[in-house]
2 protein chains.
Amino acid sequence: MKQTISEQTTSPRNRLLDVAERLFSEQGYEAVTMRDIADAMGVRQASLYHHVPGGKQQLYVEVVERAMARHRLALEQAVASAGPHLRDQLLAASRWLLDHPPVDLVRMVNSDMPALSEEHSRRLTRLTFEALLLPLASAFRTARERGEHNNPADLLLAGSFLAMMDAVQVGARFSSMTKDAMANNLIDTLLFGLLAR
Amino acid sequence: MKQTISEQTTSPRNRLLDVAERLFSEQGYEAVTMRDIADAMGVRQASLYHHVPGGKQQLYVEVVERAMARHRLALEQAVASAGPHLRDQLLAASRWLLDHPPVDLVRMVNSDMPALSEEHSRRLTRLTFEALLLPLASAFRTARERGEHNNPADLLLAGSFLAMMDAVQVGARFSSMTKDAMANNLIDTLLFGLLAR
DNA sequence: TCCCGCCTACCTACTAATTAGTAGGGTACA
DNA sequence: TGTACCCTACTAATTAGTAGGTAGGCGGGA
């Protein structure tokens, strides 16, 4: 039975974006078929094209755009409202990242982007860079300017932090530690060093 | 013109495994078609089935088996012959890892494995675990037993180290730093801590 | 030394299934 | 009455995989 528009908690188009985002982020662009998405929504494949006339590419592009806009806002917010210490900022960022599907940068760059048109590929790569790397790199940079550390490779640190959070998400499937415990351990190790002093 | 068997530098089957390994590791299981592999070898798609009667699945399984056997040997060797200090062991491991295509564990677990049969999936997951995580985890463990550090989460450290090396490979595409410089920076940061003391 | 059968490596030509996408119709709600 | 949403029914392209044939190097026997 069909829902009345007024009793729909969310629009069908948003539901489509939600479902597609989950599948794309789990399996990547090529591995997800329009049929998979339609099945997950309980709808026929052809019906998807009513909401996304541009087809699979447009769907993927909109999903990534929306997700990256969210990540960017949330990470900037997390860093800004965590106080002046790098450790608290990284903890806040980790809490956001671990509460959402992992962003597999390696797969995005190597598999998903090449399957898209050149301009879409470049745009999404830039958006992802700005949403995930820049807020973290900026936290590392200002911490350095405050004298908390003196490592000049902000982007390297940001990328490596992101990769560590992805590792935590994979590890959570095989380990008994909680995600938060893993993240806390890694962040303190990164900040204070592994070697005993 | 066809090569004489005696003057072939490597068997066609090994060439197939090499080409497939490159493509699979770049793009993942589903994104690579048998046609892609055949094209890259300069051969017709149907000819692949002469070397791998089991088809795409068997090809992928053999590729991963071979790659993981190599990684396991090389990493154990690197750690063993790098002397007693964790730093030298990690540097040796990083040199090996950065000289080979990155192993995207997130993609393997989330995309590639679910496309395989249950038993193949479990076997390859175990092989990958033993080849990549265990040698590194063992290095962290023995370093702890020598008193170099006191972080008990060997596997977490190993996974996170691997993820950092993957991040270096992605970063090398966008940064002007060399892979080795990035790896050195990250290893020293991990060991001695980011925060100024 | 020459010839014959065998095997490796490849080919052409197909099949069945699956893919993204299109055309056009129905139905319920505003 | 129009429109948002979903449907059935199709198409063309691509996919993994099969059937069966061919060219040529190789070893063994006369």
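Throughout, protein chains are lettered first and strands after them, A, B, ... in sequence-line order, and every chain is numbered starting at 1.
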Using the side-chain heavy atoms of [X], tell me which of these nucleotides is nearest: [options].
| X | options | answer |
| --- | --- | --- |
| Lys56(A) | dA16(D), dT8(C), dG21(C) | dG21(C) |
| Ala46(B) | dT15(D), dA13(C), dC5(D) | dA13(C) |
| Pro12(A) | dA13(C), dC5(D), dT19(C) | dC5(D) |
| Val43(B) | dC10(C), dG17(D), dC5(D) | dC10(C) |

Would you kindly give the [atom1]-to-[atom2] distance between [X] and [N], to the nearest whole Å?
| X | N | atom1 | atom2 | value |
| --- | --- | --- | --- | --- |
| Gln27(A) | dT19(C) | CD | P | 12 Å |
| Leu23(A) | dT19(C) | CG | P | 13 Å |
| Asp36(B) | dT15(D) | CG | P | 7 Å |
| Met41(A) | dC6(D) | CE | P | 7 Å |
| Tyr60(A) | dA20(C) | OH | C1' | 17 Å |
| Arg15(B) | dA9(C) | CZ | P | 11 Å |
| Ile37(B) | dT14(D) | CD1 | P | 18 Å |
| Tyr49(B) | dC14(C) | OH | C1' | 14 Å |

With sequence neighbours excluded, tell me which residues meet side chain to side chain contact (heavy atoms under 4.5 Å, CB included) with Asp180(B).
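Residues passing side chain to side chain contact (heavy atoms under 4.5 Å, CB included) with Asp180(B): Arg95(B), Leu98(B), Thr178(B).
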
Give me the one residue out of Leu156(B), Leu97(B), Leu133(B) that meets side chain to side chain contact (heavy atoms under 4.5 Å, CB included) with Phe161(B).
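Option passing the side chain to side chain contact (heavy atoms under 4.5 Å, CB included) with Phe161(B): Leu97(B).
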
Joint cluster assignment, Leu162(A) & Leu75(A), ILVMFWY side-chain distance < 4.5 Å:
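Both belong to a single hydrophobic cluster.
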
Check this one for me: any side-chain N or O of Arg44(B) less than 4.0 Å away from OP1 or OP2 of dT12(C)?
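Answer is yes, contact under 4.0 Å.
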
Ser47(A) side chain near dC7(D) phosphate (N/O to OP1/OP2, under 4.0 Å):
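For Ser47(A), the contact criterion (side-chain N or O under 4.0 Å from OP1 or OP2 of dC7(D)) is met.
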
At under 4.0 Å between heavy atoms, what does Val52(A) touch on the DNA or RNA strands: base, sugar-phosphate, or nothing?
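No contact.
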
Is the Tyr29(A) ring parallel, tilted or perpendicular to the Phe24(A) ring (thresholds 30°, 60°)?
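Taking Phe24(A) first and then Tyr29(A), their aromatic rings lie parallel (interplane angle under 30°).
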
Contact summary for Asn151(A) and Asp154(A), nearest pair of heavy atoms:
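Heavy-atom minimum between the residues: O-OD1, 4.0 Å.
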
Starting from the 5' end of DNA chain D, give me the residue, Gln57(B) or His51(A), whose nearest nucleotide shows up first.
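With Gln57(B) and His51(A) compared, the 5'-side residue is His51(A).
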
